[in-house]
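Residue numbers start at 1 and run along the sequence shown. Note that this is a predicted model, so its numbers are computed, not measured.
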Amino acid sequence: MSDKPALRRAALADRARYVAELTPHGRATLERALADRLQPHLTGAVASYAAFGDEIDPNAGLAAGTLLWPRVVAPGLPLDFHACAADALVPGKGRLREPLPSMPRPDPDTVLVPLLAVDVDGFRLGYGGGYYDRTLAALRQRRAVFAIGCAWDIQVIERVVREPWDERLDAIATPTRWLRP
């Protein structure tokens, strides 16, 4: 499929169907398996995300210490990451929970990235705002950062539609696989 909006709609629908078929226990088991798969690869300051809806939650059982959480500064700008506990997140832009701007703001060494779909070459399909592509590009201009896409297994597809500005992921983690493009 070469039409990005159509691919987004299909990926959202596929993910929703998949998650709807999971029992609460089955979902929790898969999310713990994802955290177990991620754990050996987390180094330095780790930025995660507050999963919503049927996104896979990488934080279930994650033993990373204090996490950094994304905050939308403004449309068209990279995300800021702030250190805080998950229970300190507040309602932010759209349906996202985010840290307060007054929280400490270190740069992450590892970034866990949400997605709609991802291919084995490490290119992801996001929600269309470009936030993570801009953020990874800005971080990578300042320092090395390791970006890991977090996905349900069904979100790994043959190929996503790519744009010149798309930032490649360094790894992809699912409950059953660790892939290095």
Discussion item. Tell me whether Asp107 is salt-bridged to Arg142, with the criterion being a basic N under 4.0 Å from an acidic carboxylate O.
Written reply: yes

Worksheet item: Atom CG in Leu89, atom OH in Tyr49: separation rounded to 0.5 Å?
Response: 13.5 Å

Fill in: Rounded distance (nearest 0.5 Å) linking atom CG of Leu68 with atom CG of Asp109
8.5 Å

Item to complete: List in chain and number order the residues that pass side chain to side chain donor-acceptor pair (under 3.5 Å) with Asp166, two or more places apart in sequence or in another chain; answer none if no residue qualifies.
Response: none

Practice prompt. Let me see the working for Asp119 and Arg168 under salt bridge (charged side-chain N to carboxylate O under 4.0 Å, His left out), right down to the final yes or no.
Written response: CA-CA 10 Å; Asp119 63 30; Arg168 184 183 227 164; over 6 Å; no

Exercise answer: donor-acceptor pairs, residues 73-83 side-chain atoms, under 3.5 Å, sequence neighbours excluded:
{"unit_1": "Asp80", "atom_1": "OD1", "unit_2": "Arg105", "atom_2": "NE", "d": "3.2"}
{"unit_1": "Asp80", "atom_1": "OD1", "unit_2": "Arg105", "atom_2": "NH2", "d": "2.9"}
{"unit_1": "Asp80", "atom_1": "OD2", "unit_2": "Arg105", "atom_2": "NE", "d": "3.3"}
{"unit_1": "His82", "atom_1": "ND1", "unit_2": "Met103", "atom_2": "O", "d": "2.9"}
{"unit_1": "His82", "atom_1": "NE2", "unit_2": "Arg71", "atom_2": "NE", "d": "3.3"}

Worksheet item: For Pro114, does its backbone N or O pair with a side-chain atom of Glu55 as donor and acceptor, under 3.5 Å?
Response: no

Worksheet item: Are Val118 and Val160 close enough that some pair of their side-chain heavy atoms sits under 4.5 Å apart?
Response: no

Response to the item:
In short, Arg97 meets Ala50 closest at the heavy-atom pair NH2-CB, 3.5 Å

Worksheet item: How many angstroms lie between atom CG of Leu136 and atom CH2 of Trp165, to the nearest 0.5 angstrom?
Response: 15.5 Å

Discussion item. So, taking the atom named CZ in Arg9 and the one named NZ in Lys4, what distance separates them when rounded to the nearest 0.5 Å?
Written reply: 14.0 Å

Practice prompt. Take Leu125 and Leu7 through the side chain to side chain contact (heavy atoms under 4.5 Å, CB included) test and state the conclusion after the steps.
Written response: CA-CA 8 Å; Leu125 179 68; Leu7 184 57; 3.5 Å; yes

Worksheet item: Any side-chain heavy atom of Arg177 sitting closer than 4.5 Å to one from Ile172?
Response: no

Discussion item. For the CZ atom of Arg180 and the CG atom of Leu169, what is their distance to the nearest 0.5 Å?
Written reply: 11.0 Å

Worksheet item: Are Leu67 and Val90 linked, directly or through other ILVMFWY residues, by side chains that come within less than 4.5 angstrom of each other?
Response: no

Practice prompt. State whether the side chain of Trp69 and the backbone N or O of Ser48 hold a donor-acceptor pair below 3.5 Å, judged by distance alone.
Written response: no

Discussion item. I'd like to know if Arg124 and Glu167 make a salt bridge, using a cut-off of under 4.0 Å between side-chain N and carboxylate O.
Written reply: no

Worksheet item: Same cluster for Val72 and Leu100 if Ile/Leu/Val/Met/Phe/Trp/Tyr side chains link at under 4.5 Å?
Response: no

Worksheet entry | Ile56 side chain reached by Pro175 side chain, heavy atoms, under 4.5 Å | yes

Worksheet item: Do Thr110 and His41 have side chains that get closer than 4.5 Å, going by heavy atoms?
Response: no

Fill in: Tyr132 six-ring centre to Arg134 NZ/CZ under 6.0 Å and within 45° of normal
no

Sequence neighbours left out, cut at 3.5 Å: what donor-acceptor pairs do the side chains of residues 145-158 make with other protein atoms?
{"unit_1": "Trp152", "atom_1": "NE1", "unit_2": "Asp54", "atom_2": "O", "d": "2.9"}
{"unit_1": "Asp153", "atom_1": "OD1", "unit_2": "Thr174", "atom_2": "OG1", "d": "2.6"}
{"unit_1": "Asp153", "atom_1": "OD1", "unit_2": "Thr176", "atom_2": "OG1", "d": "2.7"}
{"unit_1": "Asp153", "atom_1": "OD2", "unit_2": "Thr176", "atom_2": "OG1", "d": "3.0"}
{"unit_1": "Gln155", "atom_1": "OE1", "unit_2": "Trp152", "atom_2": "N", "d": "2.7"}
{"unit_1": "Gln155", "atom_1": "NE2", "unit_2": "Leu115", "atom_2": "O", "d": "3.0"}
{"unit_1": "Gln155", "atom_1": "NE2", "unit_2": "Leu116", "atom_2": "O", "d": "3.1"}

Response to the item:
To the nearest 0.5 Å, atom CG of Leu34 lies from atom CG of Leu38 at 4.5 Å

Fill in: Lys/Arg-Asp/Glu bridge criterion (N-O < 4.0 Å) met for Arg27, Asp57
no

Practice prompt. Taking all heavy atoms of Pro40 and all of Asp36, pick out the closest pair and write down the distance.
Written response: CD-O, 3.3 Å

Practice prompt. Look at Arg17 together with Glu21 and state whether they make a salt bridge at an N to O cut-off of under 4.0 Å.
Written response: no

Item to complete: Measure from the side-chain N and O atoms of Asp121 to the backbone N and O of Pro181, and report whether any donor-acceptor pair falls under 3.5 Å.
Response: no

Item to complete: May I have the step-by-step check of side chain to side chain contact (heavy atoms under 4.5 Å, CB included) for Leu42 and Leu112, ending in yes or no?
Response: CA-CA 9 Å; Leu42 302 180; Leu112 303 182; 4.0 Å; yes

Discussion item. Check whether Glu31 reaches the backbone of Ala60 with its side chain - one donor and one acceptor, N or O, closer than 3.5 Å.
Written reply: no

